Amino acid sequence: MASSRNADNSASKRTGPTGVPVAEASPNAAHSQAGEYLTTAQGLRLPDTDHSLKVGDRGPTLLEDFHLREKITHFDHERIPERVVHARGAAAHGVFESYGTAKSVTKAKFLAEKGRQTPVFARFSTVLGSRGSADTVRDTRGFAVKFYTDEGNFDLVGNNIPVFFIQDGIKFPDVIHAAKPHPDREIPQAQSAHDTFWDFVSLHTEATHHVMWNMSDRGIPRSYRTMEGFGVHTFRLVNGAGETSLVKFHWKPVAGIHSLVWEEAQITAGVDPDFHRRDMADGIDAGAFLEYEFGIQIMPDDGTDSFEGIDLLDPTKFVPEELAPVQLIGKLTLNRNPTNYFTETEQVAFHTGHLVPGIEVTNDPLMQARLFSYLDTQLTRLGGPNFSQLPINCPHAAVNDMLRDGMHQSAIHTGLAPYRPNSIDGGEPLVATPEEGGYVQSPRPIEGTPVRAHPASFDDHFSQATMFYRSLSEVEQGHIVEAFTFELGKCYEQAIKERELQVLANVDADLCAQVAAGLGLPAPKGTPAEDVVLSPTLSQIVVEPGPIAGRKIGVIADAGSDLAGVAKLRKSAEKLGASVLVIAPVGGVLGRGSRKEVVERTLLTTRSVEFDALVVAGGTTPTGDIKLVLLLQEAFRHCKAVGAWGDGHAVLQDAGIGPDGPGVVVGDSVVKTFTDDLFAAIGLHRAWERAADVMASAVPPAG
Ligand code: HDE
C-alpha cells in the first residue's frame, strides 16, 4: 500500500470545482449547507441565533455562550490577506479544447492531442487596486488560466500586455511600491496617475515600453471578453522526440480586441465599479460564453535565446507577429460562473512553477524570480503549505506526494512510510520515467560566474516603444497623448513631468511635443529610433464588423412606444448573443399582455456607459429631459452606435444628434435592414470617424 494522500482516496464520489472527482469525501469531511437545520460548526442544532445568552433580558452576556463566541470568532477571521498585487479579480470556469496542431512542438497531452478537452479556471484582474477597487481603472490586466490536465495542473499566469516593466524580478517590489498608493495617505487608489509611479518609471527607462501599452487603449479594456492575453515570457516547448523550441503564448479573443474610452472608464468606475465582472457573469448566464483561441509564436531554440535581433529573455520586448505568426493550437471557452467568490476566485492559487511535461521555463530573469514568488506568497495568503488541497486548487490528476502535516491539512494519509527509499510501504510510491510521465527538464547547459549584471542586449529601452506608438492609428495615438497628458497632469512634481517628457522625446518627437503642449511645458529633444519596422497587427481598430455577443443595447422607450418593435429588436439581438435593456422615464412595466416590456433601467438608475449602443424606440415622446439628453450625448461623444426608428429620431434631435453621420442608425421600423445596420455599427465597436469632432483633445487649439 502506497503512503499516499490519494492512493486510498481514489474511489471518490465528491466532485471538484469543474465537476471532476477530486478526493474521497471522508465520513466527516466538512459539509456546508447540508441538513435542514441551522447548526454550530460542530453540527449541534440551534434554537436561536439572534439573541446572546444573558442574565435576564436586560442583563450582561454570559461567557458560557459558546454559540455567540463561535459565531463572532469565526466572523473576526473571515478575511484573508488580499493578493499583494492583482487583488481585484473575477473568474470563471471553462474548458480548453486542443486543435492538436501543437503536437509537433510539445508532448504536453492537453495541447498535443486533437479534440482533447481540459477543464480550466481563469481569473482576470487589475494589478494595482485593492480588492474593493473599480474594474475599469487604467492598469494592466492579469489573465491567469489554470488547466487541470491529466498530467498535473498547468498554470499560465499572464497579462493582457505582452511586455513588462522590469527585466529582472528583483525589482518587482520597487515598481509595485512606486505604483501603489502613497504610503503616507494611501492615495490614490488603483491608479498610476501620481508622483511615485512617474518618478520611478521616468528614472527607470526599461519600463517605457510597458508604460506605452498602459497609456494606450490596452490599459482600459471594454471587457474581459474583448481582451488579448499573453504569457509574456519566452517558454521552451519539448516534443515527443525531445526536440525543443522557444515560444510565446497568446490568447486571441474571438470577440475581437476592444477598449473603453478614457472618460467612459472614469465614469464607469463610479457608476458601476463591478463593470467587468458583471459583464462576464451576465454574459455567461445569458449563454454568451467568453471565447479565446490559444496560439503560439514559435522560434528556434538554437542556443542563442534570441530571434531576429530580439533578446527572447528580455521581458520588455515582444516578437512582432509579422516576424513570427501566431499559430492557433486550441480554444478556451469560459462557460460557468463560480458558485462562491471566496472559495474559488479568492482562494485560487496560481503558480508559474505549475508545469507539465512538454512545457518548460527559460532563463528570463523575471520569470526565474516568479518561480519563487508564487509559492511563497500562498503561505501567508492561504495560511500554510496545504493550499493545493483547497477544492479550486486541487489537481484532477492523481496526487501521491510525501508532503505531510502542516496547517490546514485535510487529507487523511495512510501508510507508514512517507519517505523514500522504504520497504515498509513496498517501496511505493514509485518514481516515473519520462515515458511514464515523469517531468524531466530538457538538457540546458549553464555555466558562468555569479554576477549581478544584465546583458548588453537588455540596454535598448526605446525602440519597441517607438515601434508600438508608430504602428497605431491616429485615433489610438491620440488616446496615448491624452493618457500621458492626464497622468502627468496629475503629478505635483515639476521635475518628474520634465523627466518623463525626456523619456517620451526618446520614443517619438511628435508624441513628446503634444504631451508637452498639453502640460504647458517645453518639449525636450531626444534621439528616437528612426528605422523601426512597423507592426500593423498592434492596432485594434477594425474595418469589418466583429461579433456582438455579450454586448448591451439600451432601448429608450415610454408607455407610448412601439413595444412590438422593442420585442423584435430583442429577439434579433439575442440570436447574436447580445442583450437589450429597456430604459424608461420611470420604473415598472410598459404596455400590457403580450406587448409587455419590463423597465430595466430608468434615467435615474442608468448612465450611457452601461451600453454599447443606444436606440430610441418609435413613438417615444421627446421630453427634453436633461438626463435623457446627457445619456444620448455621452454615448455619441464616446463614438458609440446610436439610433432610432420611426419618430423616435425626434428624441435624438433633441440631443443635437442628426440622422446622418457615422454610427447613427435610423429607420422607419424594426426591419432586418435596420437591425443589420445597427449590429454592424456595434460590431465595429466605435464610429471613430466622429472622434476628432467629439472627443477631448490633449492639445490646446492652435493660436
Ligand atoms: Fe505576478 N504575482 N509577479 N506577474 N501575477 C502575483 O501571486 C510576482 C508578473 C500575475 O489571478 C502574486 O498569488 C513577482 C508578470 C497575475 O491569482 C505574487 C513578479 C506577470 C497574477 C506575484 C511578478 C504577472 C499575479 C500575488 C516579478 C505577467 C494574479 C498573489 C518577478 C506575465 C494571479 C499571487 C491570480 C499575482 C509576484 C511579475 C502576472 C505576489 C515577484 C511578469 C496575472 O506572487
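Each ligand, and each atom within it, is numbered from 1 in the order the structure gives. What you see is a predicted model; the values in this text were computed from it and never measured.
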*asked:* If we ignore hydrogens and angles and just use 3.5 Å, is the side chain of Arg277 paired with the main-chain N or O of Gly89 as donor and acceptor?
replied: yes
*Does the distance from a Lys or Arg side-chain N to an Asp or Glu carboxylate O, for Arg83 and Glu346, drop under 4.0 Å?*
yes
*Total protein N/O/S atoms whose distance from atom 1 (Fe) of ligand 1 is less than 2.8 Å*: 1
*asked:* Once you measure the plane-to-plane angle for Phe294 and Phe96, does it fall in the parallel (<30°), tilted (30-60°) or perpendicular (>60°) bin?
replied: perpendicular
*So is Lys146 actually on top of Phe350's ring, under 6.0 Å and inside 45° of the axis?*
yes
*For ligand 1, does Gln378 get within less than 4.0 Å through its side chain, its backbone, both, or neither, judged by non-hydrogen atoms?*
side chain
*Write out the residue and atom name of the closest protein heavy atom to atom 11 (O) of ligand 1, then the distance separating them to 0.1 Å.*
Arg123 NH1, 2.6 Å
*Tell me, which protein residue and heavy-atom name are nearest atom 34 (C) of ligand 1, and how many Å apart are they?*
Thr377 CG2, 3.5 Å
*Do we see a donor-acceptor contact under 3.5 Å between the side chains of His685 and Gln540?*
no
*asked:* Less than 3.5 Å apart, any donor N or O on the side chain of Thr537 or Glu322 sitting next to an acceptor on the other?
replied: yes
*Could Arg381 and Asp376 be called an ion pair, given the rule that one side-chain N must be under 4.0 Å from one carboxylate O?*
no
*asked:* Could you check whether Glu360 pairs with Arg444 (Lys NZ or Arg NE/NH1/NH2 to Asp/Glu carboxylate O, under 4.0 Å)?
replied: no
*Which of the numbered atoms in ligand 1 are below 4.0 angstrom from a heavy atom of Ala369?*
31 (C)
_For ligand 1 and Ser125, I'd like to know whether there is a polar contact (N/O to N/O, distance under 3.5 Å)._
no
*What is the closest protein heavy atom to atom 33 (C) of ligand 1, and at what distance does it sit?*
Phe350 CD1, 3.8 Å
*Closest non-hydrogen protein atom to atom 17 (O) of ligand 1, residue and atom name please, with distance?*
Arg83 NE, 2.7 Å
*Can Lys109 and Asp150 be counted as an ion pair, charged N to O under 4.0 angstrom?*
no
*Does an N or O from Asn159, backbone or side chain, lie closer than 3.5 Å to an N or O of ligand 1?*
no
_Proximity of Leu366 to ligand 1 by residue part, where a heavy atom lies under 4.0 Å_ = both
_Any atom of ligand 1 sitting under 4.0 Å from a heavy atom of Gly158?_
yes
_Distance alone, cut at 3.5 Å: any donor-acceptor contact between the side chains of Ser192 and Asp139?_
no
